[in-house]
Protein chains: 2
Amino acid sequence: MAGKATRQQIVDAADQLFYSQGFDHTSFADIAAAVEISRGNFYYHFRTKDEILDAVIAKRLADRQALLASWDERGGTAQQRIACFIRIVIINQSKIMAWGCPVGTLTSELEKLEHASRNRANEIMALFRDWLVARFEEMGSGAAAQEHALHVLSWSQGVATLAQTFKDEAFVRREVEQILAWLEDLADGERSKDF
Amino acid sequence: MAGKATRQQIVDAADQLFYSQGFDHTSFADIAAAVEISRGNFYYHFRTKDEILDAVIAKRLADRQALLASWDERGGTAQQRIACFIRIVIINQSKIMAWGCPVGTLTSELEKLEHASRNRANEIMALFRDWLVARFEEMGSGAAAQEHALHVLSWSQGVATLAQTFKDEAFVRREVEQILAWLEDLADGERSKDF
DNA sequence: GCACCTTTAGGATGATTGTCCTAGATCGTC
DNA sequence: GACGATCTAGGACAATCATCCTAAAGGTGC
């Protein structure tokens, strides 16, 4: 259990705390307390708060990349894989109701802080966007793929924000059903183009 | 220019700063500097940061109530008034691209802080929701009015979040056109029920 | 011109912040 | 079992934070 493990623990704890409390409101002491290490030890691994943020962003980016890759590897149609993305808001429902979308709330906070790493955080959102674009292209949406991708991404952000505000499970379920129906119609439409 | 004016200036400056920087990240000194008054004078008007927050929430609530009332008073169909709501994201586009939705980002931040006033902030979102519900009922949506209202509200939050992240004007325009078309279809559907 | 209330100024306070430093503990390698 | 590298602990630092205090200025009524 060398420093590698400690470093990982710090990043994991910071990831969770930045999500639940926000980046700015989370202090070195908070993270150190969560990992149960001294501030001195902490400083050995990360010398500035920005370094931790960059590590958290890198971790989140890697996690999401792995998640998307796992859906791709599992196979299935593009439509089915987009549906996996849509259903995240149900799978992570309790967390989303408490703290919103981890990606959307971080990018929003860093934009307001005009933080130097805000563009790096935006890359996580761009990762989702680009993956969705590729899936819609795969579905046959062509030039409209970008538009559809942003539509789904925007939808997910809206649902997350309102879920956090009103904590209405039925709302989330309804919205998921509606967008899945929209996706189904779209896929039907693209398929009928082939004839 | 007695204390009334100073108090109003403080609330206005705090409103703007809470929006652009976030509540937590805005200090007494920031607000005092914006109004160009001393911290002592500040303290005379507001003894705690929470008091300023409550005043800002009250102002925002009143402002939005007045805005909604102005649309109602201007007349027009329920559909036209809902369209006014939808078009806010275009009217306030530059601010939204910089700082997101003032309502959504504040509620999200206060939820994360578990701040005592978070329910009061949520009331602003509830104000929009209830107004939209009433308009959809007016349109003839009946039991589906709540669902449609949350759909539009959720849509606005998603567009605001993505607009802040990607700063893509074309995306905002497209989304507005799409939801207006959805609203048009819905209104057509409700009208055809009458026959 | 005096008394009174509202408003303003600016310094003081203790807590917390991010950051830094030094000293000791633990480890693998020989 | 000794040595150098890695890791940990905890105190010190200046800056900033929300909050509080006292004193003076400004205005109003008599």
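Computation of the quantities below employed the complete heavy-atom set of this structure, encompassing side-chain atoms and omitting hydrogens, waters and symmetry-equivalent molecules. Lettering of chains follows the sequences in order, A, B, ..., and the numbering in each one begins at 1.
- Per the geometry, CZ belonging to Arg39(B) stands 14 Å off P belonging to dT13(C), to the nearest Å.
- dT6(D) atom P lies 15 Å from atom CZ of Arg7(A), rounded to whole Å.
- Rounded to whole Å, the distance from CZ on Phe23(A) to P on dT17(C) is 14 Å.
- Here His45(B) does not reach the OP1 or OP2 of dT6(C): none of its side-chain N or O atoms lies under 4.0 Å away.
- One can place CD1 of Ile31(A) at 13 Å from C1' of dT17(C), the figure rounded to the nearest angstrom.
- Here dC21(D) presents its P atom at 16 Å from OH of Tyr44(B), a figure rounded to the nearest Å.
- Taking atom CZ of residue Phe42(A) and atom P of nucleotide dA12(D), one finds them 21 Å apart after rounding to whole Å.
- The residue among Asn41(B) and Asp30(A) whose nearest nucleotide of DNA chain C lies closer to the 5′ end is Asn41(B).
- Contact annotation: Thr6(B) side-chain N/O to dT8(C) OP1/OP2 distance is under 4.0 Å.
- Salt-bridge check for Asp63(B) with Arg60(B): failed, with every basic side-chain N at 4.0 Å or more from each acidic carboxylate O.
- Of the candidates dT17(C), dA18(D), dA9(C), the closest approach to any side-chain atom of Ile37(B) belongs to dA9(C).
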Item checked: Steps toward salt bridge (Lys or Arg N to Asp or Glu O under 4.0 Å) verdict (Arg174(B), Glu177(B)) -> CA-CA 5 Å; Arg174(B) 276 198 319 262; Glu177(B) 281 167 26; over 6 Å; no
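- Judged by distance alone, the side chains of Asp30(B) and His25(B) never bring a donor and an acceptor atom under 3.5 Å apart.
- Between the CZ atom of Phe46(A) and the C1' atom of dT17(C) there is a distance of 19 Å, given to the nearest Å.
- Across the interface with DNA chain C, nearest-nucleotide mapping of His25(A) and Gly40(A) shows His25(A) to be the residue nearer the 5′ end.
- Spacing between atom CD1 of Ile10(A) and atom C1' of dC7(D) amounts to 11 Å, rounded to whole angstrom units.
- Using a 4.0 Å heavy-atom criterion, one finds that Tyr43(B) contacts the bases of the nucleic acid, with or without backbone contacts as well.
- Contact annotation: Ser27(B) reaches the phosphate of dC17(D) (side-chain N/O to OP1 or OP2, under 4.0 Å).
- Ion pairing between Glu109(B) and Lys112(A) fails under the 4.0 Å rule for side-chain N and carboxylate O.
- Side-chain contact between Lys59(B) and Asp12(B) is present, with at least one heavy-atom pair separated by less than 4.5 Å.
- Of the candidates dT19(C), dT8(C), dT19(D), the closest approach to any side-chain atom of Phe28(B) belongs to dT19(D).
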